[in-house]
Amino acid sequence: MSYDGSENIKTLNGVGPARAAAFAKLGVKTVDDLLRFYPRAYEDRGNIRQLMESTDGEKTALCLTVATSPKKALIRRGMSLLKFRAYDDSATAEITYFNQDYLADKIRIGETYRFYGRIERKKTASGKDVFSLSSPVCEPIRESVYELPPLVPIYPLTEGLTQSTVSRTVHEALSLYSTSLSADIIPREVLVANELCPASSAMKNIHAPTSMTALEAAKKRLIFEEFFLFALGLSLGRTSREDKGASICSENDISDLIALLPYKLTGAQSRAIEEISRDMAREVPMHRILVGDVGCGKTICAAAAMLIAVKSGKQAALMVPTEILANQHFCDLEPLFSKLGIKVKLLTGSCSASQKKAIYASISEKAPEKRTDIVIGTHALISEGVCFSDLGLVVTDEQHRFGVRQREALSEKGSHTHTLVMSATPIPRSLALTLYGDLDLSLIDELPPGRQRVDTFAVDEAYRTRLNAFIQKITDDGGQVYVVCPAIEEKEEEDDALSEGEIDIRNIGMLTLFDTKKETPPLKSAVKYTSELKDIFPDKKIAFVHGKMKAAEKDAVMEAFSSGEIDVLVSTTVIEVGVNVPRASLMIVENAERFGLSQLHQLRGRVGRGTRKSYCVLVSESKGESARKRLETMKTTYDGFTIAEKDLAIRGPGDFLGTLGANGIRQSGELRFRLADMCNDTELLKSAFRCARELISSDGDLSEHPETRKAVENMFKTEALS
Ligand code: ADP
Ligand code: MG
């Protein structure tokens, strides 16, 4: 049988329907899935210590020779004991097993074994060291301890699977894999240039590393591969786009729009608009991302772009992730555009069927003087019925809430459309590259003058009574309050914490090891807290909104808050997206240690949008150093870009991505990085992108690299339109 990786894992020895079902829960269905099911950590059994070097209570690997024959004893019914002594050059230890009688025949006097377990080291009254081990892992050594695997993989598990089952099945898959003859998906010259090991060696060593060095090499290669395939996928899309001739939108006089504004554009806004209008005047479709801190005024830049499109005889569409944002943009922009004789329509899921029909008709209308020029809306914009007469520009706001596919689906409503995406998350250039593909970047690094500073405090539970009094005062004065809780219910996060002695796969090859002992104050439950608040403030209107609610329900609550019907809104982070509620003047973040700086900054940006003096209170019981540092930073730093940089520096990578919506991308299946970390692995990321560009420039459609092309398609095929 020839192997190609797409075989169901049931073809492997020992995998029946029940195991296959358990594996499926972990997303493993094919042999290839299993090979890509990497360990989450490794037990370090290769670091052999002498007994005298060991520390009490620590997991330790030892090479010990058995000195006494194992003695069995029945402690009580159903509980037996096996005891013997074993020694190395430095000392002797007593080893005990419970209920493992079968070992009695396996353990032989005079033979040497590798033991791995928690050591107990005590001193007798006379000052002698006494060592003991309870139920350690025991592996016979034939000739040398170096024959034994130094690093033993630990896989994520689910009910119905044990470590040894997963390991055994992975080994089956590996031996099948070693019979495959397909070419490496990374071209040879790329492997050589980047000092990467071949696929076969990487695959073997990620699951069964022969040494730490081999494991590091395997991980490096697999990370590179993920970036490389991803970059190729993006470039493939891009070259096909570059081919298209876009409509030239060169009517770029926007002074009439600017004249209607009650303010002057900031320098950064003018620069961004200039970059946009230069792009739009070209034949190559614009693919630009506009990044700027919350409140820096991106909307008007989008409006300028749409005006240029309309003046050049085209239609424009603005897509936003929620109805409430769509409403807000419509209310802000429609009055401006109507003064310029431009027709704007709002299209959301809550438009009635007849309204939709009328809007569809006005969008597809051929006569320019009758048709809708600009449509503002939600996902409703990409529904089938929407058919533009001549769409020239697509803008997506809060872009991280959308997938690449959704953006493209809208662009495909026109031919050769210019694309502008906007994001409120300030991000380093290299990350922008990965997250947003090969987009050109415009930065707005300046806030409009006279913005109020949101006073920020970091407090703990001791402050609770005063905090409640503060909520009372703010709401009595007609202000509104946001309360953000990271969890809907208590204990909703699974704990994937490492056991001691394990090395997290994320730390393999890292110069600095991150703190693996996570300190985790209990989560405040939004449900429970809402009812507590209702008890404390019986005369206030308190509502709760969370991410698992239906979109319409969420929007209804947000709408009510926005119109002032609700005094206190408890929510999970759903409110992160750019909603504007001018009366909201207090933001309380519970379990603030759970949030990244950039995320906290986003949340803080929800208040201080009107004239009311506004405050942000970060509540945390955390004593952890990184959390404390983050909260301190929030008190003193107000600039989004500085905060983004500090976020990277303090927290290291990882969570930072959550802020960028990369988690959302992962969940939507668009970006399936298993090992790669866009923040940590920036050097590999850059070289992978460079190599991908070079490959594409010589083999534009990868027809000369069929294996590579297939792998790219596999990576992108899971992308779903939600
Ligand atoms: P964001 O970049 O977060 O989308 P908005 O476009 O919503 O920001 O702008 C936030 C607020 O700032 C709006 O009320 C807008 O009218 C105002 N604004 C935008 N540009 C300026 C400016 N140059 N001077 C003063 N106010 C501005
Ligand atoms: Mg905005």
Side-chain angles (χ1 to χ4, degrees), residues 254-255 257-276 288-307 317-337 339 374 376-378 394-402 420-427 441-454 482 558 562 574-585 587 598-612 614 638-641 643-644 659-661:
I254 53 157
S255 50
L257 173 69
I258 304 306
L260 293 173
L261 301 175
Y263 52 78
K264 267 185 62 187
L265 292 182
T266 62
Q269 281 171 316
S270 304
R271 247 187 335 269
I273 293 173
E274 224 164 83
E275 287 164 352
I276 291 166
R288 183 165 288 278
I289 181 165
L290 179 59
V291 178
D293 212 346
V294 182
C296 71
K298 293 183 290 295
T299 318
I300 195 64
C301 301
M306 294 195 285
L307 181 63
L318 170 60
M319 183 163 73
V320 299
T322 63
E323 291 213 359
I324 183 162
L325 261 183
N327 280 320
Q328 234 167 52
H329 281 325
F330 182 77
C331 294
D332 289 347
L333 298 178
E334 200 276 336
L336 291 175
F337 282 122
K339 286 194 187 113
I374 292 174
I376 296 173
T378 55
V394 163
V395 185
T396 34
D397 194 10
E398 305 297 344
Q399 96 84 30
H400 63 275
R401 298 284 155 154
F402 294 105
L420 177 67
V421 300
M422 304 197 287
S423 170
T425 310
I427 39 173
L441 177 71
S442 289
L443 279 184
I444 303 192
D445 49 5
E446 182 184 356
L447 285 180
R451 275 291 148 80
Q452 72 157 297
R453 167 168 290 199
V454 177
Y482 283 111
M558 287 308 298
S562 171
V574 287
I575 51 147
E576 232 186 283
V577 168
V579 181
N580 205 6
V581 183
R583 271 174 53 201
S585 54
M587 164 63 67
S598 301
Q599 223 170 350
L600 291 173
H601 180 67
Q602 291 271 320
L603 290 171
R604 181 168 63 185
R606 298 297 114 223
V607 296
R609 303 202 134 214
T611 46
R612 281 167 193 276
S614 300
Y638 290 84
D639 169 67
F641 286 93
I643 284 184
T659 330
L660 305 181

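All heavy atoms count here, side chains included; hydrogens, waters and symmetry mates do not. Atoms within a ligand are numbered from 1 in the order they appear, just like the ligands themselves. All values derive from a computational prediction rather than experimental measurement.
- Nearest-residue assignment for atom 4 (O) of ligand 1 (options Ile444, Thr266, Ile258, Thr299; heavy-atom criterion): Thr299.
- Where the criterion is an N or O separation shorter than 3.5 Å, residue side chain and backbone included, Pro448 fails it with respect to ligand 1.
- Listed by number with element, the atoms of ligand 1 under 4.0 angstrom from any heavy atom of Lys264 are 22 (C), 23 (N), 24 (N).
- Partners of Thr299 by side chain to side chain donor-acceptor pair (under 3.5 Å), not counting sequence neighbours: none found.
- Taking 4.0 Å as the cut-off, Gly292 does not count as a neighbour of ligand 1 on heavy-atom distance.
- For Arg604, there are no salt bridge (charged side-chain N to carboxylate O under 4.0 Å, His left out) partners at least two apart in sequence or on another chain.
- For Leu265, every heavy-atom contact with ligand 1 shorter than 4.0 Å involves the backbone, none the side chain.
- Looking only at distances, no side-chain donor or acceptor of Glu446 sits under 3.5 Å from a matching main-chain atom of Thr266.
- Proximity of a side-chain donor or acceptor of Ser614 to a complementary backbone N or O of Arg612 within less than 3.5 Å is detected.
- Partner Ser442 forms a side-chain contact (heavy atoms from CB on, under 4.5 Å) with one of Met422, Arg288, Lys298 and no other, that one being Arg288.
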